[in-house]
Amino acid sequence: MQTIIADMTNQIDEKEMAQAGKILKEGGLVAFPTETVYGLGANALDEQAAFKIYAAKGRPSDNPLIVHIARMEDLYKIVQTVPEEAVKLADKFWPGPLTMIFQKKEIVPYGTTGGLDTVAVRMPNHPVALKMIEAGGGYIAAPSANTSGRPSPTTAQHVADDMDGKIEMILDGGSVGIGVESTIVDLSTGVPTILRPGYINKAMLEEVIGQVEVDPTLLSADCKQRPKAPGMRYKHYAPKADMVIVEGEEENVIAYINDRICEELKKGNCPGVIASDETRHRYCGGAVKSMGSRSDELSISRHLYAVLREFDEQQVSCIFSEAFETPNLGQAIMNRMVKAAGHQIIRV
Ligand code: AMP
Ligand code: MG
């Protein structure tokens, strides 16, 4: 299959957008930019189309997809009830990086929800995404547009690297703004619960609806419980090289990583280092990459996956990373980093 790449970085091309809509309505796959990461879209109400997403990504079929909508009124057609909290959160954060879980209506096939009676719904804040959702019939199932187990794509080039020849079309909207996936909140049972941390953090949610809980599996690496978002179970976002996160006082972290760099260099290896703008010049060798400035959290989340992908191309022997427990986005960033590192964390 020849994958069409449509450049919509500066403006939306109406003819190509109509073509994307036609592909989606006919059961095909179109990747598209959102404010979080690139999504791989299919008609959410067409089970066969949803199955194609799993095939293209190599995604386990029990890992449900998020349904993307472009208008609030469309929510009511696919969910049983819309709790008051959901209305308030949608008012405040939609379109935006927040996904909410509801009891699904029959019209949503189990192929889309991974066999669950609940459905995850989000309205993304990106003009290309909103236009494409409408053109494609209003309900677009979309996970991140990467091969399962690879870092999520934050540019159209990342999507092409993983999906070229496997999907009909990629809409190029340039680099994304946030860079980590949406916050997922479960509103289908009792107390609203965060199942995946994202840009919209606990404090922001609590300001709108009061007390919010956090799925305990997010807080502890060796928690025996199963996460409620099936996707959080899988080893995600893994770079090819073994990765270790080094936590502690900045000076201790730098000293420890420098020792490890020396060891690797002596063995004739090239280690990778994930640093920040403030510390990158303090490392004594290896491939040092900055995620961004610690005074600008979004610069860090935005670069996270691109840095991991770059290391895959450079074939480093291993990766040592600083920790990024930043004030607002820290939980979302570290959730992805810790998974990329397969939970290998060293405290110094
Ligand atoms: P992705 O779109 O690749 O970022 O993955 C979507 C995430 O949403 C995965 O972690 C899924 O497990 C989660 N998810 C989707 N639908 C549901 C649902 N009905 N209940 C719980 N988690 C869900
Ligand atoms: Mg994903």
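Ligands are counted one by one from 1 in listed order, and the atoms in each one are counted from 1 as well. Along the sequence shown, residues carry numbers from 1.
The contact set between ligand 1 and L116, taken as ligand atoms under 4.0 Å from a residue heavy atom, comprises 18 (C), 19 (N), 20 (N). Counting the atoms of ligand 1 from 1 in the order shown, those under 4.0 Å from a heavy atom of I184 are 7 (C), 8 (O), 13 (C). Close contacts between ligand 1 and A142 involve ligand atoms 2 (O) [criterion: under 4.0 Å to a heavy atom]. Of all atoms in ligand 1, numbered sequentially from 1 with element shown, those under 4.0 Å from a heavy atom of N63 are 9 (C), 11 (C), 12 (O). Within ligand 1, the atoms closer than 4.0 Å to a non-hydrogen atom of T118 are 18 (C), 19 (N), 20 (N), numbered from 1 in the order shown. Near S144, with a cut-off below 4.0 Å to any heavy atom, the atoms of ligand 1 are 1 (P), 2 (O), 3 (O).
In summary, E181 and R196 do not engage in a salt bridge, as defined by a charged side-chain N under 4.0 Å from a carboxylate O. Ion pairing between K88 and E85 fails under the 4.0 Å rule for side-chain N and carboxylate O. Using a 4.0 Å cut-off between charged nitrogen and carboxylate oxygen, R122 and E35 count as a salt-bridge pair.
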Item to check | Worked check of side chain to side chain contact (heavy atoms under 4.5 Å, CB included) between I274 and F311 | outcome: CA-CA 10 Å; I274 300 180; F311 277 129; 3.5 Å; yes

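Taking all heavy atoms of E181, K57, R59, K104 into account, the minimum distance to atom 3 (O) of ligand 1 is reached by R59.
Under 4.0 Å from ligand 1, not a single heavy atom of T99 appears.
At least one N/O/S atom of S144, whether from backbone or side chain, sits less than 2.8 Å from the Mg ion (ligand 2).
Donor-acceptor pairing under 3.5 Å is recorded for the side chains of S182 and T99. At a cut-off of 3.5 Å, with distance as the only test, a side-chain donor of D277 or S290 sits close to an acceptor on the other residue.
Other residues, nucleotides and ligands contribute at most 12 non-hydrogen atoms within 6.0 Å of the OH atom of Y199.
At least one heavy atom of I66 sits less than 4.0 Å from an atom of ligand 1.
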